[in-house]
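Proteins get letters first, then strands, A, B, ... in listed order; numbering begins at 1 in each.
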Number of protein chains: 2
Amino acid sequence: MAQGPTITTIAARAGVSIASVSRVLNGLPTREDTIRKVMAAADELGYVPNAAARSLKSNRTYQVAFAMADIGNPTYVAMVREIQPVLKAAGYRLVLHSTDGDVDDELDVLRRLGERYADGLIISPLRGFAQQHLDLLAGAPAPVVVIGSVPQDTPVDNVRTDSRTGVRLALEHLYGLGRRSIGFLNGPLDTIPGAARAAAYTDALAALGLPYDPDLVEVGDFYRAAGARAAHRLLERSRPDALLCANDLIALGALDALREERLRVPEDVALVGMDDTELATAAWPTLTSVSLGSAERGRRAAELLLDRLEDGAAAPRIVTVEPTLVVRASTEGAS
Amino acid sequence: MAQGPTITTIAARAGVSIASVSRVLNGLPTREDTIRKVMAAADELGYVPNAAARSLKSNRTYQVAFAMADIGNPTYVAMVREIQPVLKAAGYRLVLHSTDGDVDDELDVLRRLGERYADGLIISPLRGFAQQHLDLLAGAPAPVVVIGSVPQDTPVDNVRTDSRTGVRLALEHLYGLGRRSIGFLNGPLDTIPGAARAAAYTDALAALGLPYDPDLVEVGDFYRAAGARAAHRLLERSRPDALLCANDLIALGALDALREERLRVPEDVALVGMDDTELATAAWPTLTSVSLGSAERGRRAAELLLDRLEDGAAAPRIVTVEPTLVVRASTEGAS
DNA sequence: TTGTAAGCGTTATCAT
DNA sequence: ATGATAACGCTTACAA
């Protein structure tokens, strides 16, 4: 915990000015002899440049923030896992914010960007930005990349996925297996994914010519225990031959519930999760799941942000990651 | 992305000196009237203090770094999940480093603390610090808390667990179930947990009066696929009636392998994982697992660091988290 | 090529 | 109570 040397210390030790030290350290043209003296002094003293001083001067922190609802959720873990190495390779540190899906927290993250502790922000809002806060997004003090959808014309880089198509893929798959009574276990409707998936479910049913039956729909939360409770509630009043779950955690909970009710998966009830997390292959039977490309979305978001940091003036970009259906035992029986 | 206002801007707007602005902003005694003017100006301009300037002056970043091998590993996720809210509550940001278990990366994290981008570091080294690097730890430019064991007398705060006891609990449990041929699937021996668990396994066997049979031991890596391969190798040359796995990922892989070999769990082979991650309850049968208190270790580490940041002079503390055995279906049959 | 000095946005000391 | 000013550690004109 020794007090570290500064360029002043080195300058004294090497017998040159601080300007020369700075030049050598930054590789600017300098006399061979001076370089040697400075390097020697720096080495001996174990010099390390001070980040605060550097960023005060350069207006660059070489930090990027990532904000999401819950680092315990495998979806976000997948994102972080991709974001981290991309940033690291580019010389950026990663600052992690967990907002618990709280709108105020999310807005706070946005506002505190004004402290300039980070050069940019990747945010995956769960509750989303109400209309009145869009200007906060647009006028953010640093570049922001949003993972998830933002309203048309919001001038920020954006990585989205098409959950509508994802849900459709799932329902078509189940329909193709002969299932006609397809239930849906959703997360809160006031969340962005919750709302999107609810709409997508209704639409996909219609496209398949299936009736919408409110008894087949339950809203809970994006957690396993909530998923189990929702499944129990649903099973109390109807007997679906398939269940679509708004994420893998819910699906895992549904699996618990189905097991308790002695219903076989997939024979009695076919089960589909969403997000295709590692939990899908840990479960038994392994879970068919709609991949929304979390890892790829994370990576693309990091890349977009780095691009933006190099060229702040470029037009906002929207990247769309296509969903895919990963079929496993929970709908097809074989392992 | 507007250029933010500084205290200079505010001072001009309010018609006072920057010193007064600073005082008001920091709640130092000031005339009512001045306070009003400054606050008004600050509000109108949407002032946010600059983090770099502040930390240059105060030598405080209000950031804490956490370095571990792989954010994809549920053990570390559990730690981050606990560390984050503790830091947040104390007004600190979290900087995340993923080292891939690379020794150089770990040492680099330690060295770069000298940049003073963080006030302290929590590190969970996978490969550990060779003797020659202990001075780097001892002489770190900022307080460090190590999760995992450090050699006696290393002057850093330390949160450890007793994996020896953990392994013993597992073997005693298996022994109590009548298992006598207990195999062991370990991770790399040049990692701290790998080495510790290998020694613990040998000791625990001896304590139970069971012979050590090299055919019952396989070394792989801490991943699922590696666990599956290791299990296959082991099963090719011996038929254990129980398997202890050095973590839950390996256990999951072992489960895959056992299933392929048509061996029933727990009837033919009882299976025990370590770390007690969420994967243990996602798997089927659910996994008996040795909890090493990852969440608690994370939380305690964060608390130790915060304490240290308040009182840098206090004697180094060692916190030990007791392991517990969480018995589930993979050893006891019932769900 | 090198040194002097200004400035990044704060906080804090010192006069006033 | 307030203002002028130095200082934090660095980069970068500008002069020499």
Nucleotide N/O of nucleotides 5-9 of chain C paired with protein N/O under 3.5 Å:
from, atom 1, to, atom 2, distance (Å)
C:dG7, N2, A:Lys57, NZ, 3.2
C:dG7, N3, A:Lys57, NZ, 3.4

**OP:** Hey, could you give me each pair passing salt bridge (charged side-chain N to carboxylate O under 4.0 Å, His left out) that has a residue in residues 39-55 of chain A? Not counting sequence neighbours.
**Re:** A:Arg13-A:Glu44

Subject >> chain A contact limits on DNA chain D, taken 5' to 3' with a cut-off of 4.0 angstrom to heavy atoms >> reply: D:dG9 to D:dA13

Original post:
Counting distance only, does the side-chain N/O of A:Thr99 pair as donor-acceptor with the main-chain N or O of A:Met68 below 3.5 Å?
Top reply: yes

**OP:** Please tell me if the side chains of A:Leu45 and A:Ile10 come closer than 4.5 Å, counting only heavy atoms from C-beta onward.
**Re:** yes

Original post:
Should the heavy atoms of other residues, nucleotides or ligands under 6.0 Å from CZ of B:Arg299 be counted, would the total exceed 12?
Top reply: yes

**OP:** Report the C-alpha distance between A:Leu126 and A:Tyr76 in whole Å, list the side-chain angles of each, state the deciding distance to 0.1 Å, and finish with yes or no for side-chain contact (heavy atoms from CB on, under 4.5 Å).
**Re:** CA-CA 11 Å; A:Leu126 185 59; A:Tyr76 298 118; 4.2 Å; yes

**OP:** Could you check whether B:Ser55 gets within reach of a base, just the sugar-phosphate, or nothing at all, counting any heavy atom under 4.0 Å?
**Re:** nothing

Subject >> Derivation of the side-chain contact (heavy atoms from CB on, under 4.5 Å) call for B:Leu309 and B:Arg60 >> reply: CA-CA 10 Å; B:Leu309 291 176; B:Arg60 280 286 202 147; 4.1 Å; yes

**OP:** Would you please test A:Leu107 and A:Arg111 for side-chain contact (heavy atoms from CB on, under 4.5 Å) and show each step?
**Re:** CA-CA 6 Å; A:Leu107 293 174; A:Arg111 277 196 215 92; 4.0 Å; yes

**OP:** State whether the number of non-hydrogen atoms from other residues, nucleotides or ligands found under 6.0 Å of A:Arg112 atom CZ is greater than 12.
**Re:** no

Subject >> Note: A:Lys88-B:Asp105 ion pair, threshold 4.0 Å (strictly below) >> reply: yes

**OP:** Walk me through it: do A:Asp70 and A:Phe222 pass the test side-chain contact (heavy atoms from CB on, under 4.5 Å)?
**Re:** CA-CA 11 Å; A:Asp70 171 20; A:Phe222 289 115; over 6 Å; no

**OP:** Apply ring-ring contact (aromatic ring centres under 6.0 Å, His included) to A:Tyr62 and list each qualifying residue two or more places apart in sequence or on a separate chain.
**Re:** A:Tyr92

Original post:
For the helix from C:dT1-D:dA16 to C:dT16-D:dA1, what angle lies between the axis at the first five pairs and the axis at the last five pairs, to 10 degrees?
Top reply: 50°

Subject >> Exceeds 12 heavy-atom contacts within 6.0 angstrom, atom CZ of A:Arg127 >> reply: yes

Original post:
Which residues in residues 20-28 of chain B have at least one heavy atom lying under 4.0 Å from any atom of DNA chain C?
Top reply: B:Ser22, B:Arg23, B:Asn26

